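Notes follow once the structure below has been shown.
Source: prediction; values computed, not measured.
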Amino acid sequence: MPGFIHKPGGPIGVVSRSGTLTYEVVHQLTTRHRPDYLHRHRGDPVNGTNFIDCLKAFEEDPETKGIVLVGEIGGTAEEEAAAYIREKVSKPVVGFVAGLSAPPGRRMGHAGAIVSGNSGTAQSKIAVMKEAGIHVCENLGRFGDFCAGVF
C-alpha cells in the first residue's frame with residue numbers, strides 16, 4: 001500500500017476486499033480529515049483471514065474508534081460481516097459495496113465475482129448492511145465527506 005496515504009496512528013480501521021478500493025477510501029479519509037486519520041487497514045485478503053477476523057481485532061482495539069468496511073459484488077462475506085457487526089461490534093461502521101451498476105450474470109473484477117439472481121448483488125448487500133446498522137455510502141466519490149458525518 002502506498003505509504004504517502006497510509007499513515008499509522010489514527011482512530012479509523014479499514015477492512016476491504018479490494019486493494020484498489022482501499023487506496024481510494026484511505027486517500028479520501030486522509031485528505032478530508034487529518035493526515036493521521038487512518039489507524040490500520042487490510043486490503044486484498046490475506047490468506048487465512050476474513051472480514052470477521054479484522055472486525056474482531058478492530059472491536060477489541062481501544063485505539064480504533066470507527067471502522068470502514070469495503071465490499072464488492074459476489075459471495076457472502078459482506079452479509080456475514082453485517083451479521084457479526086449487528087451482534088458483536090459497538091463502534092460505528094461505514095460501509096461501501098462496489099458494483100451497483102454491474103449487470104447480473106456477468107463475471108466482474110479480479111476476484112471473478114459473479115452475481116446470480118439476487119444473490120451477491122450490491123443492492124442486496126447494501127440492504128443487509130443497513131439492516132445491521134451500518135452507515136452505507138453509495139457514492140464512492142463522496143466517501144470521505146460521508147465518513148465525516150459519521151466519525
Examine distances only and state if a side-chain atom of Glu78 and a backbone atom of Ser124 form a donor-acceptor pair shorter than 3.5 Å.
-> no

Kindly compute the distance separating CD1 (Ile73) from CD (Gln123), expressed to the nearest 0.5 Å.
-> 9.5 Å

For the pair Ser16 (side chain) and Ser18 (backbone), establish whether a donor and an acceptor sit closer than 3.5 Å, ignoring hydrogens and angles.
-> yes

Is any side-chain heavy atom of Thr121 less than 4.5 Å from a side-chain heavy atom of Val97?
-> no

Side chain of Asp145, backbone of Arg142: donor and acceptor closer than 3.5 Å?
-> no

Taking the side chain as every heavy atom from C-beta outward, state whether Val15 and Val68 have any atom pair closer than 4.5 Å.
-> no

Considering residues at least two apart in sequence or located in another chain, which fulfil the side chain to side chain contact (heavy atoms under 4.5 Å, CB included) criterion with Lys88?
-> Tyr84

In terms of heavy-atom contacts, Ala122 and Ala98 come closest through CB-O, 4.4 Å

Which atom of Pro92 lies closest to which atom of Val150, heavy atoms considered = CB-CG1, 4.1 Å

Only one of Glu138, Glu79, Glu72, Glu80 passes salt bridge (charged side-chain N to carboxylate O under 4.0 Å, His left out) with Lys125; say which it is.
-> Glu79

Output the distance between atom CG (Leu29) and atom CZ (Phe151), rounded to the nearest 0.5 Å.
-> 7.5 Å

Treating Ile, Leu, Val, Met, Phe, Trp and Tyr as nodes and any side-chain heavy-atom pair under 4.5 angstrom as an edge, say whether Val128 and Ile126 lie in one connected cluster.
-> no

Arg86: what forms a side chain to side chain contact (heavy atoms under 4.5 Å, CB included) with it, not counting sequence neighbours?
-> Ala83, Ala132

Separation of Ile85 CD1 from Phe51 CZ (nearest 0.5 Å) = 9.0 Å

dist Phe143:CZ -> Leu21:CG (nearest 0.5 Å) comes out at 10.0 Å

Got Val94 and Ile67 here, is their nearest side-chain heavy-atom distance under 4.5 Å?
-> no

Main-chain N/O of Ser90 paired to Glu59 side chain as donor or acceptor, under 3.5 Å | yes

Could you check if a side-chain atom of Val93 sits within less than 4.5 angstrom of a side-chain atom of His135, using non-hydrogen atoms only?
-> no

Is Glu60 salt-bridged to Lys91, cutoff N-O under 4.0 Å?
-> no

Min side-chain heavy-atom separation Val70-Thr22 under 4.5 Å | no

Of the non-hydrogen atoms in Leu69 and Ala81, which two are nearest, and what is the gap between them?
-> CD2-CB, 4.1 Å

